[in-house]
Amino acid sequence: MARVIQERHGRVMKLINNDPAKRNAFGLDFYDSMIPAIEAAAADDSIGAVVICGAEGFFCAGGDLNRLAVAHKFEFAERRQGVDKLHDMMRAIRACPKPVIAAVEGGAAGAGASFAAMCDLIVAETGSYFMLAYVKIGLTPDGGATWSFTRNLPRQLASEMGLTGGKISSQRLYDCGMVNRMSDNALDDAMAWAEELANNSSSAMAGIKRMILEAEEASLEAHFETEAVGIATAMKSKDGMEGTSAFLEKRKPKFHD
């Protein structure tokens with residue numbers, strides 16, 4: 001069984017978290033499959049966007065509790081191994097120059113919630129939920145959960161998620177702006193959105209994604225400089241010249257990259 005199924009749909013790469021018997025819970029085999037899949041999509045100029053979903057209608061149940069239950073028997077370095085791989089996967093999503101869309105069906109629990117939150121865009125199924133259940137088993141979060149949710153939600157809601165470990169409806173996160181779209185057909189709508197985005201200028205999207213990520217840490221003056229260099233460079237790029245010409249000529253642009 002392929003742990004991560006890769007499906008090519010035109011300029012969109014769909015990556016399927018494939019272990020439905022465990023509600024697509026994470027394991028070392030998952031990281032070893034997903035990280036190179038994301039990196040390959042990032043390096044492939046013929047791919048314009050990535051969609052990540054879970055097999056059989058459930059996004060991800062988080063870490064494998066069978067492994068967590070015996071983790072106390074391992075040395076500290078070994079206990080960190082899986083967490084470090086999880087974090088490497090999150091870094092791969094952020095480093096990918098293409099937009100990465102999470103299609104959340106069913107639920108995104110534990111590190112699965114962190115996984116969805118690290119994506120650039122989220123389309124969630126009506127009735128789905130997010131859940132940071134770590135506190136219920138005496139653990140603290142990983143996968144950047146306390147970073148992502150604190151930056152994207154009111155502190156009180158992020159605290160509720162972490163301190164209670166209860167289910168938070170995707171609709172509630174949508175109302176707060178963390179989920180982009182709610183849908184009765186989340187995967188289909190995520191794929192359609194990805195196809196739309198994939199027709200944009202890849203170089204422009206890569207620059208926009210990089211600037212948004214850098215803005216989280218940069219001062220305003222430093223970011224003014226980043227944006228000035230970026231747009232002045234883009235003005236002379238093939239896509240920049242094509243895009244502005246197409247707008248003035250009232251036609252659809254034909255981007256080169």
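Note that the structure is predicted; figures quoted are calculated from it, not measured.
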Participant: Is Phe58 linked to Met191 within one hydrophobic cluster, defined over Ile, Leu, Val, Met, Phe, Trp and Tyr using a side-chain heavy-atom separation of less than 4.5 Å?
Facilitator: no
Participant: Is it the case that atom CD1 in Ile231 sees more than 12 heavy atoms from other parts of the structure closer than 6.0 Å?
Facilitator: no
Participant: Can you check whether Met161 reaches Phe130 side chain to side chain, under 4.5 Å on heavy atoms?
Facilitator: yes
Participant: Same cluster or not: are Ile16 and Val12 linked, directly or through other Ile, Leu, Val, Met, Phe, Trp or Tyr residues, by side-chain heavy atoms under 4.5 angstrom apart?
Facilitator: no
Participant: About how many Å separate CG of Asn17 and CD1 of Ile5, when rounded to the nearest 0.5 Å?
Facilitator: 9.5 Å
Participant: Between Leu187 and Lys14, does a side chain to side chain contact (heavy atoms under 4.5 Å, CB included) hold up when you go through it step by step?
Facilitator: CA-CA 10 Å; Leu187 181 53; Lys14 180 165 72 171; 4.0 Å; yes
Participant: Keeping the roles fixed (side chain from Glu56, backbone from Pro20), state whether a donor-acceptor pair exists under 3.5 Å.
Facilitator: no
Participant: Given Lys209 and Asp120, is the salt bridge (Lys or Arg N to Asp or Glu O under 4.0 Å) satisfied, shown in steps?
Facilitator: CA-CA 8 Å; Lys209 179 169 177 176; Asp120 303 301; 2.8 Å; yes
Participant: Side-chain donor-acceptor pair under 3.5 Å between Asn199 and Glu195, yes or no?
Facilitator: no
Participant: State the CD1-OG distance between Ile168 and Ser128, to the nearest 0.5 angstrom.
Facilitator: 12.5 Å
Participant: Is it the case that the side chain of Asn180 and the backbone of Ile122 share a donor-acceptor pair, with hydrogens and angles ignored and the cut-off at 3.5 Å?
Facilitator: yes
Participant: Do the side chains of Ser169 and Tyr129 get nearer than 4.5 Å, heavy atoms only?
Facilitator: no
Participant: Inspect the contact between Arg91 and Asp88 and indicate whether a charged nitrogen and a carboxylate oxygen are less than 4.0 angstrom apart.
Facilitator: yes
Participant: If you look at every heavy atom in Ile47 and Ala49, which pair is closest and at what distance?
Facilitator: CG2-O, 3.5 Å
Participant: Taking the side chain as everything from C-beta on, heavy atoms only, tell me whether Met1 gets closer than 4.5 Å to Asp19.
Facilitator: yes
Participant: For a quick test of reading the model, state the closest non-hydrogen atom pair linking Ala113 to Leu132 and the distance between them.
Facilitator: CB-CD2, 3.8 Å
Participant: Side chains of residues 213-220: which donor-acceptor pairs under 3.5 Å do they make with residues two or more places apart or in other chains?
Facilitator:
residue	atom	partner	partner atom	Å
Glu216	OE1	Arg94	NH2	3.0
Ser219	OG	Ala222	N	3.1

Participant: Report yes if some heavy atom in the side chain of Ser114 is under 4.5 Å from a heavy atom in the side chain of Met90; otherwise report no.
Facilitator: yes
Participant: Any side-chain heavy-atom pair from Trp193 and Ile101 closer than 4.5 angstrom?
Facilitator: yes
Participant: Between Ser170 and Arg181, is any side-chain donor less than 3.5 angstrom from a side-chain acceptor?
Facilitator: no
Participant: Is it the case that more than 12 heavy atoms not belonging to Lys85 sit under 6.0 Å from its NZ atom?
Facilitator: yes
Participant: Within this structure, what is the CG-CE distance for the pair Leu15 and Met34, rounded to the nearest 0.5 Å?
Facilitator: 5.0 Å
Participant: Would a 4.5 Å heavy-atom cut-off, applied to side chains only, mark Ser202 and Arg11 as touching?
Facilitator: yes
Participant: Do NZ/NE/NH1/NH2 and the carboxylate oxygens of Asp44 and Arg8 come within less than 4.0 Å?
Facilitator: yes
Participant: Taking a hydrophobic cluster as the set of Ile, Leu, Val, Met, Phe, Trp and Tyr residues connected by side-chain heavy atoms closer than 4.5 Å, whether directly or through intermediates, do Tyr174 and Phe149 fall within one such cluster?
Facilitator: yes
Participant: For the residue pair Cys176 and Pro154, establish whether any side-chain heavy-atom pair is separated by less than 4.5 Å.
Facilitator: yes
Participant: Taking all atoms of both residues into account, what is the closest heavy-atom pair of Ile93 and Phe115, and its distance?
Facilitator: CD1-CE1, 3.4 Å
Participant: Could you walk me through whether Gln171 and Met182 pass side chain to side chain contact (heavy atoms under 4.5 Å, CB included), step by step?
Facilitator: CA-CA 7 Å; Gln171 180 66 49; Met182 296 296 300; 3.7 Å; yes
Participant: Without swapping roles, check the side chain of Lys238 against the backbone of Phe255 for a donor-acceptor pair under 3.5 Å.
Facilitator: no
Participant: Can a salt bridge be assigned to the pair Arg251 and Glu242 using a cut-off of 4.0 Å between side-chain N and carboxylate O?
Facilitator: yes
Participant: Among Asp142, Thr140, Thr146, find the residue that satisfies the side-chain contact (heavy atoms from CB on, under 4.5 Å) test when tested with Tyr134.
Facilitator: Asp142
Participant: Within a 6.0 Å radius of atom CZ on Arg80, are there more than 12 heavy atoms belonging to other residues, nucleotides or ligands?
Facilitator: no
Participant: Can you see which heavy atom on Pro97 is nearest to which on Ala42, and at what distance?
Facilitator: CD-CB, 3.6 Å
Participant: Tell me, please, whether Phe30 has Arg3 positioned over its six-membered ring: NZ or CZ under 6.0 Å from the ring centre and within 45 degrees of its axis?
Facilitator: no
Participant: Flag yes if Val100 and Leu173 sit in one hydrophobic cluster, no otherwise; membership is Ile, Leu, Val, Met, Phe, Trp, Tyr, and two members link when side-chain heavy atoms are under 4.5 Å apart.
Facilitator: yes
Participant: Roughly how far apart are Leu153 CG and Ser148 OG, rounded to 0.5 Å?
Facilitator: 9.5 Å
Participant: What about Val4 and Val51, same hydrophobic cluster or not, with Ile/Leu/Val/Met/Phe/Trp/Tyr joined at side-chain heavy-atom distances under 4.5 Å?
Facilitator: no
Participant: Using a distance-only test with no angle check, is there a side-chain donor-acceptor pair under 3.5 angstrom linking Glu7 and His9?
Facilitator: yes
Participant: So which heavy atom on Val179 is nearest to which on Ala124, and how close?
Facilitator: CG1-CB, 3.8 Å
Participant: Hey, what do you get for CG (Asn152) to CE (Met178), rounding to the nearest 0.5 Å?
Facilitator: 4.5 Å
Participant: Hey, does Cys60 have a side-chain heavy atom less than 4.5 Å from the side chain of Phe26?
Facilitator: yes
Participant: Of all heavy-atom pairs between Ile52 and Cys119, which one has the smallest distance, and what is that distance?
Facilitator: CD1-SG, 4.4 Å
Participant: When rounded to the nearest 0.5 angstrom, what is the spacing between CE in Met211 and CD in Glu227?
Facilitator: 6.0 Å
